[in-house]
Peer 1: 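Can you read through this structure? Questions will come right after.
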Amino acid sequence: TWVRWMATERDGSEGDGAAAVVQVHPRQGQPPAHPDTIGMSEAAPASMDAASAAAVESKSVDGSPTVWPRLPSPMPRHRSPASSDAPQSAGAPNVIAVLLQQMRENGLAPTVNTFNNLMSARALQSRARVDDSQGLLQLMKECGVAPDLITYNNLIRACAFSKPARADDAIGFLHRMKERGVAPNVTTFNCLIDVCARCKPARVDEAIGLLQRMEEHEVAPNVTTLNCLINVCAFHKPSRVDAAIGLLHRMEERGVAPNAISYNKLIDACAYHVPTRVDDAMGLLQRMEERGVAPDVITYNHAIGACAHAKPPRLNDALGLFHQMTECRVWPTEKTFFHLIHACDVPRSRHGSGAVRLLQQIQERGMTPTVASFNVLMKMYARDSESKARHTESVGLLKRMDADGVAPDVATFNTVITVFGNVTPAPVTATLKLLDHMDQRGVTTNVATFHGLIDVCRDAKPARVDTALLLLPQMVKRGLTPTPRTFDKLLATCKNARPPRLHDALQLVQQMEAAGFQPSTDHAELGQRAKDLLEQDRPEPAPPRADSI
């Protein structure tokens, strides 16, 4: 019980963990518990006399003498060179040492289940370390406890949750199992495939090769195996959709029936494939219905997302899926409407009003739109040809976000700046006020924010060169590093001035050269003109005086 309770503690400090173990002791002054129950749920109280305490310490629960191996303290750590600099969770090994010492004081010897519970906790933590699990494996050896199948499965699972995933170590544990005569099961291979999926890049060929090893060990794959293999193909960049579909057919031939998770993962892989595989996604949706697998809201969200990510978006197909899911009494979520709004973003179309209606449907259904849905609608306004009308609507959309309690992020403000920049002439003063609004809301600016502001200064009539040049030190003050594109935009602003601001352009070129940048081809001529102008304005040297000759 103590082991499982400690296993739920996530990265606790050494002091907190040790105190937590001590807190399970009864208070002083309470009557001693029955000897048969000591060490099971509570420890010997301080009021017990020395003889009774010695008897409890020297005997186990069943009364037989307990032979204890020497417990190393603290627990040994085995670090590989690759993980020596990884962040360490404070105090976890020392807490384990304290826990095992508490068991020793209560006449309890750790079993293989004790160590398996500890390894399982370390494997499931977000900052799991294979090295700590290997340290527990060494401690098992010193305590005379032989690892079993669950032990090795936990070790392989720890390799999957390690950052980065350690596929080579996981395969090494499989070889060690063979050497020790521990037969792997389907969970072992599923964990190994999961390790391959979490590698960067995903190790697709090795994961598929594990199917051959399963046949060699006479281990039958299950639907979890199929889902893990689909994950490997989906996580690979670019995604291996054809290989995943082939695995689906291969597993069906072996009698492994895919479930909704299998189809959902495949449809999602089709949605994010480049280019988007909309037809394959629609075919998989039809296939799962033919196989008697009911699509759920995740299935439809992935399929509608595939239509939205297509180039151009396939709005009609997305709306057809939306009507189909409602007819099947599968209720849409905010993610569904997000994809539908994204599908409305068809170039040279006027589906903005439809996107606004979808936004209203989200609220009518009692859901709150996310900032991502508003950002998609903002981007549609930014690409609309009716710039003046969209300028007003984007401001109204910002006010609507405030009314709905949705906090705009940096992408929201950057898009609004782009909308303002499309207005002719560009409203420089109103655009610069957006920078103040970002500061008031605590929204952190980025380089794209200042690029949009410089573009507005460039497109103003006349060009606002001085305002644009003042944005450069503001970038540096906020911890942002100007890029070559930043200088190119500033040079374009100097070029748009009437007459062109050649002296300012020359200073920008000098700053670029000092930073190791070169002006683009479009502005190299402007920099050369500025240099020539400087040479013309330079006064000629005075002739030497006669008395100095």
Side-chain angles (χ1 to χ4, degrees), residues 305 308-309 313 333-347 349-365 367-423 426-459 467-468 471 474-475 477-480 483 485-486 489:
H309 287 97
T333 62
E334 198 283 328
K335 192 73 173 179
T336 313
F337 288 101
F338 166 75
H339 288 312
L340 286 171
I341 293 172
H342 198 284
C344 292
D345 190 11
V346 180
S349 66
R350 298 186 179 276
H351 296 307
S353 57
V356 173
R357 286 196 298 271
L358 288 169
L359 205 61
Q360 293 173 348
Q361 287 192 36
I362 298 177
Q363 297 173 320
E364 292 172 358
R365 293 174 181 266
M367 296 180 287
T368 301
T370 62
V371 65
S373 299
F374 282 101
N375 288 349
V376 171
L377 191 53
M378 285 284 192
K379 289 180 181 178
M380 294 175 63
Y381 290 165
R383 286 193 287 266
D384 200 307
S385 57
E386 297 180 359
S387 55
K388 289 186 178 181
R390 294 314 183 191
H391 163 262
T392 305
E393 293 181 8
S394 62
V395 175
L397 202 58
L398 271 178
K399 295 179 180 179
R400 182 172 178 177
M401 293 179 71
D402 289 335
D404 294 342
V406 180
D409 58 10
V410 63
T412 312
F413 281 103
N414 288 352
T415 309
V416 176
I417 291 172
T418 303
V419 175
F420 280 31
N422 292 338
V423 179
V428 178
T429 304
T431 308
L432 292 175
K433 287 182 179 180
L434 291 173
L435 192 61
D436 297 332
H437 289 314
M438 295 179 70
D439 294 336
Q440 294 172 2
R441 297 171 181 267
V443 180
T444 304
T445 57
N446 56 19
V447 175
T449 309
F450 284 92
H451 285 179
L453 293 172
I454 295 172
D455 287 341
V456 173
C457 296
R458 177 198 62 197
D459 297 335
T467 305
L471 292 172
Q474 284 200 39
M475 287 184 65
K477 184 179 179 181
R478 295 168 185 263
L480 301 174
T483 65
R485 190 179 179 189
T486 310
K489 289 179 177 293

Peer 1: For P313 versus A343, what's the shortest heavy-atom pair and its separation?
Peer 2: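 Looks like CB-O, 3.5 Å.
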Peer 1: Of the non-hydrogen atoms in N414 and A448, which two are nearest, and what is the gap between them?
Peer 2: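 Shortest heavy-atom separation between N414 and A448 comes out as ND2-CB, 3.8 Å.
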Peer 1: Does one side chain, of E334 or S373, offer a donor that lies under 3.5 Å from an acceptor on the other?
Peer 2: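 Yes, S373 and E334 have a side-chain donor paired with an acceptor closer than 3.5 Å.
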Peer 1: Taking all atoms of both residues into account, what is the closest heavy-atom pair of C344 and L358, and its distance?
Peer 2: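 Looking at all heavy atoms of both residues, the closest pair is SG-CD1, 3.9 Å.
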Peer 1: So, taking the atom named CG in L340 and the one named CD1 in I362, what distance separates them when rounded to the nearest 0.5 Å?
Peer 2: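 Here the rounded value is 8.5 Å.
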Peer 1: Looking at residues at least two apart in the chain, or sitting in another chain, which of them share a side-chain contact (heavy atoms from CB on, under 4.5 Å) with A407?
Peer 2: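 None.
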Peer 1: Of all residues at least two apart in sequence or in a different chain, which pass the ring pair (Phe, Tyr, Trp, His ring centres under 6.0 Å) check with F337?
Peer 2: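 By the ring pair (Phe, Tyr, Trp, His ring centres under 6.0 Å) rule, F337 matches F322.
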Peer 1: Hey, are Q360 and R365 close enough side-chain-wise for a donor-acceptor pair under 3.5 Å?
Peer 2: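 Short answer, no.
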Peer 1: Roughly how far apart are M367 CE and T333 OG1, rounded to 0.5 Å?
Peer 2: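 Atom-to-atom, M367:CE and T333:OG1 are 6.5 Å apart.
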Peer 1: Compare every heavy atom of L377 with every heavy atom of A355, then report the nearest pair and how far apart it is.
Peer 2: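 Scanning both residues, the minimum pair turns out to be CB-CD1, 3.6 Å.
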Peer 1: With a 4.5 Å heavy-atom cut-off, do E393 and M380 have their side chains touching?
Peer 2: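 Heavy-atom side-chain distance check fails, nothing below 4.5 Å.
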Peer 1: First locate atom OG1 of T392, then atom OH of Y381, and finally report the distance between them rounded to the nearest 0.5 Å.
Peer 2: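 Answer rounded to 0.5 Å: 10.5 Å.
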Peer 1: Consider side-chain contact (heavy atoms from CB on, under 4.5 Å). Of V428, L434, T467, L435, which one does L453 pass it with?
Peer 2: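 For L453, the side-chain contact (heavy atoms from CB on, under 4.5 Å) test succeeds with only one of V428, L434, T467, L435, which is L435.
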Peer 1: Any side-chain heavy atom of L398 sitting closer than 4.5 Å to one from P408?
Peer 2: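 The answer is yes, as the side chains (C-beta and beyond) meet within the 4.5 Å cut-off.
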Peer 1: Is a salt bridge present between R441 and D402, judged by a nitrogen-to-oxygen distance below 4.0 Å?
Peer 2: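 Judged by the 4.0 Å cut-off on N to carboxylate O distance, R441 and D402 do form a salt bridge.
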Peer 1: Would you confirm whether H342, through its side chain, and F338, through its main-chain N or O, come within 3.5 Å as a donor-acceptor pair?
Peer 2: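 Not at all, since once roles are kept as given, no pair shorter than 3.5 Å links the two residues.
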Peer 1: Check whether any side-chain heavy atom of D439 lies under 4.5 Å from a side-chain heavy atom of R478, and answer yes or no.
Peer 2: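 Sidechains of R478 and D439: in contact.
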Peer 1: What I want to check is whether the side chains of D409 and N375 have a donor and an acceptor closer together than 3.5 Å.
Peer 2: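 Looking only at side-chain atoms, N375 and D409 do form a donor-acceptor pair, the distance falling under 3.5 Å.
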Peer 1: Just checking R485: does its CZ atom have more than 12 heavy atoms from other residues, nucleotides or ligands closer to it than 6.0 angstrom?
Peer 2: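 Not buried by this count: 12 neighbours or fewer within 6.0 Å.
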Peer 1: To the nearest 0.5 Å, tell me how far T449 OG1 sits from L480 CG.
Peer 2: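 These two atoms lie 8.0 Å from each other.
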Peer 1: For residues V410 and T444, determine if any side-chain heavy atom of one lies less than 4.5 Å from a side-chain heavy atom of the other.
Peer 2: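 Side chain of V410 against side chain of T444, heavy atoms only: no contact under 4.5 Å found.
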Peer 1: Less than 4.5 Å apart, any side-chain heavy atom of R400 and any of V356?
Peer 2: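 Yes, close enough: below the 4.5 Å cut-off.
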Peer 1: Starting at CG of L471, measure out to SG of C457 and round the result to the nearest 0.5 Å.
Peer 2: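 L471 CG to C457 SG: 5.5 Å, rounded to 0.5 Å.
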Peer 1: With a 4.5 Å cut-off on side-chain heavy atoms, are L359 and L397 touching?
Peer 2: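 Heavy-atom side-chain distance check passes, below 4.5 Å.
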Peer 1: Between V443 and F413, does a side-chain contact (heavy atoms from CB on, under 4.5 Å) hold up when you go through it step by step?
Peer 2: CA-CA 9 Å; V443 180; F413 281 103; 4.1 Å; yes
Peer 1: Do M378 and V419 come within less than 4.5 Å of each other through their side chains, counting heavy atoms only?
Peer 2: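 Side-chain contact under 4.5 Å: no.
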Peer 1: Run through I341, T415, T370 and flag the one making a side-chain contact (heavy atoms from CB on, under 4.5 Å) with V376.
Peer 2: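 Passing option: I341.
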Peer 1: Contact between F374 and V406 at the side-chain level, heavy atoms closer than 4.5 Å - yes or no?
Peer 2: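 They are in side-chain contact.
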Peer 1: Nearest 0.5 angstrom please: S394 OG to K399 NZ, how far?
Peer 2: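 Between atom OG of S394 and atom NZ of K399 there are 10.5 Å.
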